[in-house]
Amino acid sequence: MTGQVGERDILLIVDLQNDFCPGGGLAVPHGDEIVPLVNGLAARFAHVVLTQDWHPRGHLSFASSYPGKQPYETVDLAYGTQVLWPDHCVQGTRGAELRADLAVPHAELVLRKGYHREIDSYSAFVENDRKTATGLAGYLRERGFTRIFVAGLAFDFCVRYSAEDAHREGFKVTVVEDACRGIDVAGSMAQTRRCLAELGIPCIGAGTVG
Ligand code: VGL
Ligand code: ZN
């Protein structure tokens, strides 16, 4: 059990956008199924922050930016290896919009990430160069939050890196695993479970929160 949800707790809902759901540009299998659970979870939190993957056209994480490259191949960028994705969450498109059935009117912040053309950002805290901060840690600290519950898409990318970075930033972190779905590229689901366990980040069910 996680105990009572309180004033210093925040629910971070990661990338619950059209493109990550069936029919979208980078569909996460069954991604849409978590929306009702996330809505119910959010209702138990006084404080909710949403993230929104938000790429310019021609982003360097898109396979389409490299002649001859296919999605899920990798390239070496200035900061290291980058997985190439189908075009997704292009700024201003329908695919980039948050799911219309996401019912979280009390969300206090929508944090956009991935807007630097040359840098991807899985984490809501630090971009993939592992240097560029999004500002979220400062925002959450300044507001006095100490505990972060993470849910959303995709479990093995943006949820994983957001949870790990939140932990590194000194927050107490819990992943609400049944309120997530994953992509599973090259064993990424198993690797995520291993890494979260190593850091002591619990993965729990939504039913035990609040
Ligand atoms: C994500 C790959 C690329 C995610 C975002 O939200 O997990 N994955 N961009
Ligand atoms: Zn992306």
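Note that the structure is predicted; figures quoted are calculated from it, not measured. We count ligands from 1, going down the list as the structure has it; atoms in each ligand are counted the same way.
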At less than 3.5 Å, what protein N or O atoms come close to the N or O atoms of ligand 1? Include the distances to 0.1 Å.
| from | atom 1 | to | atom 2 | distance (Å) |
| --- | --- | --- | --- | --- |
| ligand 1 | 6 (O) | D15 | OD2 | 2.6 |
| ligand 1 | 6 (O) | L153 | O | 3.3 |
| ligand 1 | 7 (O) | A154 | N | 3.0 |
| ligand 1 | 7 (O) | C158 | N | 3.0 |
| ligand 1 | 9 (N) | D53 | OD2 | 3.1 |
| ligand 1 | 9 (N) | H88 | NE2 | 3.1 |

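- With ring centers used as reference points, F149 lies under 6.0 Å from F45.
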Using residues 198-206 as the side-chain source, report each donor-acceptor pair under 3.5 Å to any protein atom, sequence neighbours left out, with the distance given to one decimal.
none

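- Within a 6.0 Å sphere centred on CZ of R57, other residues, nucleotides and ligands contribute 12 heavy atoms or fewer.
- Because the distance cut-off is set at 2.8 Å, H88 qualifies as a neighbour of the Zn ion (ligand 2) through one of its N, O or S atoms.
- Ring-centre distance between Y115 and H55: not below the 6.0 Å cut-off.
- Looking at D53 and the Zn ion (ligand 2) together, the shortest N, O or S contact belongs to OD2.
- Checking H47 against E7 by side-chain atom types alone, a donor-acceptor pair falls below 3.5 Å.
- The Zn ion (ligand 2) lies at 2.8 Å or more from every N, O or S atom belonging to H59.
- No hydrogens or angles considered: a donor-acceptor pair under 3.5 Å links the side chains of E127 and H116.
- Note on R112 versus D53: no salt bridge recorded, every NZ/NE/NH1/NH2 to OD/OE distance being 4.0 Å or above.
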